[in-house]
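See structure below.
Residue numbers run from 1 in the order of the sequence given. Both ligands and their constituent atoms are indexed starting at 1 by order of listing. The figures here come from the full heavy-atom set of this structure, side chains too, leaving out hydrogens, waters and symmetry mates.
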Amino acid sequence: MNILLLGSGGRECTFAWKIAQSPLCKKLFIAPGNAGTSDYGTNINIQATDFESVKKFVVESNISMVVVGPEDPLVNGIHDFFLNDDQLKNIQLVGPDKIGAQLEGSKDFSKRFMQKYGVPTAAYATFTATTINEGYEFLESLKPPYVLKADGLAAGKGVLIIDDLAIAKQELRSMLNENKFGEAGTTVVIEEFLDGIELSMFVLTDGTNYLILPEAKDYKRIGENDTGLNTGGMGAVSPVPFAGETFKQKVHDKIILPTINGLASEGIDYTGFIFIGLMNVNGEPFVIEYNVRMGDPETEVVIPRIKNDLVKLFLSLKDRTLNEHKIEIEDRTAVTVMLVSGGYPGDYTKGKTIYRLNEVTESLLFHAGTTKDNEEIVTAGGRVLAITSFGDKISDARDKSLRYAELVKFDGKYYRKDIGSDLIN
Ligand code: AMP
Ligand code: GLY
């Protein structure tokens with residue numbers, strides 16, 4: 001069958017690598033893809049949010065399955081677009097519909113959902129410009145630090161964690177009255193701060209059945225020892241040693257099961273991935289957020305650990321037979337180290353030539369922000385490459401990735417050398 005994958009980052013390069021290994025995949029297309037995805041299929045110059053162009057391509061190229069990498073097309077309703085179109089309605093799209101995607105698209109929606117179905121999460125309240133005074137009062141009732149979240153999608157920038165009450169009030173005002181995050185911030189969720197250690201769990205569901213995928217921990221800050229600005233993610237580790245069987249059982253019983261059942265009770269026909277961002281607070285799991293897609297760079301360690309044919313799993317979502325599959329997981333640890341452009345997550349320059357990529361022979365090299373400029377591969381984003389290695393221990397896997405991180409060259413290259421260090425005792 002012909003498959004179309006939407007997106008252009010390290011996550012999509014990993015999906016492309018995995019999908020291309022399936023005997024069920026005849027031709028793979030990636031829209032728009034990057035310099036790495038073209039090793040596994042054909043890149044096509046269509047943006048993932050341009051539904052009409054996606055439709056034209058799907059019909060013309062006899063596509064049977066569309067896999068959606070990022071959240072934007074899902075939150076914008078690409079699944080509904082397919083279901084409501086006579087030419088597309090029988091083509092499988094992996095990813096939830098618009099209402100299901102609200103789990104990520106609206107913090108208020110996801111908090112209400114969690115509250116309704118008893119999923120443990122931080123206490124919260126929601127405010128708009130007309131209720132700003134109640135917002136100030138709510139802040140006064142909380143202990144610092146204060147957590148303010150723009151309700152809508154804000155490209156990962158919509159969460160503020162503030163120590164000072166006066167500044168928290170000022171930020172609330174600038175979100176609600178001064179459009180700090182545009183439309184996304186006209187509704188603000190304020191929540192209790194959870195003090196713990198973060199990790200992510202991933203679930204694939206056909207709406208009734210589900211498979212729990214390997215968990216991962218990502219490293220969001222730019223600087224070593226988790227310092228400096230937040231990024232999209234500087235590296236990831238899977239499995240996560242502190243997520244033992246007891247903890248994972250709690251996540252299953254208190255979070256995954258009520259989430260799947262809650263979606264069904266709401267009449268939401270959810271197919272695709274659920275990414276559960278968790279805080280482990282003294283051994284108890286709390287949900288920080290849901291995402292309706294895989295994480296990046298978590299995908300770069302989670303997907304390589306899955307031994308199953310991913311296309312087969314995706315196909316079973318359509319006929320709701322995911323229960324007939326058992327997840328097979330590689331025991332060894334995977335560590336990915338992200339190479340980024342100098343200056344990221346602030347301003348950075350693109351178009352830098354990348355050298356020695358073909359010397360990465362014993363680890364997995366996933367492209368993120370790269371493009372082809374004639375015969376050269378050049379940087380095209382903040383996060384440029386993810387290098388994933390396996391090892392019996394975190395340090396073995398990490399050191400292997402670091403050797404290649406050192407070897408690959410481009411002007412301004414930066415990476416963290418301490419991915420996973422906090423997990424090694
Ligand atoms: P989110 O976009 O919801 O994932 O939030 C971004 C980051 O802010 C999370 O990865 C956490 O590190 C942090 N965060 C969000 N909510 C809370 C909370 N209630 N308590 C502590 N940290 C939080
Ligand atoms: N790595 C976090 C995310 O994909 O949202």
Exercise for review: Under the salt bridge (Lys or Arg N to Asp or Glu O under 4.0 Å) rule, what do E198 and K220 come out as? Steps first, then yes or no, please.
Suggested key: CA-CA 11 Å; E198 260 182 275; K220 291 200 167 88; 3.6 Å; yes
Taking only heavy atoms of [X], which atoms of ligand 1 are found under 4.0 Å from at least one of them?
X: K149; result: 3 (O), 15 (C), 16 (N)
X: I288; result: 3 (O), 15 (C), 16 (N)
X: K220; result: 10 (O)
X: I161; result: 8 (O), 13 (C), 14 (N), 22 (N), 23 (C)
X: F193; result: 20 (N), 21 (C), 22 (N)
X: E191; result: 16 (N), 17 (C), 18 (C), 19 (N)
X: K107; result: 1 (P), 2 (O), 3 (O)
X: M279; result: 21 (C), 22 (N)

Does atom [atom1] of [X] have more than 12 heavy-atom neighbours, drawn from other residues, nucleotides or ligands, at distances under 6.0 Å?
X: E362; atom1: CD; value: no
X: K169; atom1: NZ; value: yes
X: K409; atom1: NZ; value: yes

Exercise for review: Would you please classify the geometry between the F15 ring and the F314 ring as parallel, tilted or perpendicular, with 30° and 60° separating the classes?
Suggested key: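 The rings of F314 and F15 sit tilted, inter-plane angle from 30° to 60°.
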Practice item. Determine, for Y219 and K217, whether the Lys NZ or Arg CZ falls below 6.0 Å from the six-membered ring centre while staying within 45 degrees of the axis. Key: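 Output yes; distance and angle both within limits.
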Check your understanding: What are the two closest non-hydrogen atoms of R11 and M294, and how far apart are they?
Key ->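 In terms of heavy atoms, the two residues are closest at NH1-O, 2.8 Å.
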Point to revise | Minimal non-hydrogen separation, K413 against V408, with atom names | key: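 Scanning both residues completely, I find the closest heavy atoms to be NZ-O, 2.6 Å.
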**Study point:** Qualifying residue for ring pair (Phe, Tyr, Trp, His ring centres under 6.0 Å) with F202, from F275, F273, Y290, Y210
**Key:**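 Among F275, F273, Y290, Y210, the one meeting ring pair (Phe, Tyr, Trp, His ring centres under 6.0 Å) with F202 is F275.
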Review point. Any N or O on V147 sitting closer than 3.5 Å to an N or O of ligand 1?
Key: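 No.
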Practice item. List, ordered by chain and residue number, the protein residues whose closest non-hydrogen atom lies under 4.0 Å from any atom of ligand 2. Key: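 Shell around ligand 2 (4.0 Å, heavy atoms): D218, G232, F275, R293, G295, D296, P297, E298.
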Check your understanding: Going through the distances and angles, do R112 and D108 end up as a salt bridge (Lys or Arg N to Asp or Glu O under 4.0 Å)?
Key -> CA-CA 6 Å; R112 273 190 281 133; D108 178 54; 3.0 Å; yes
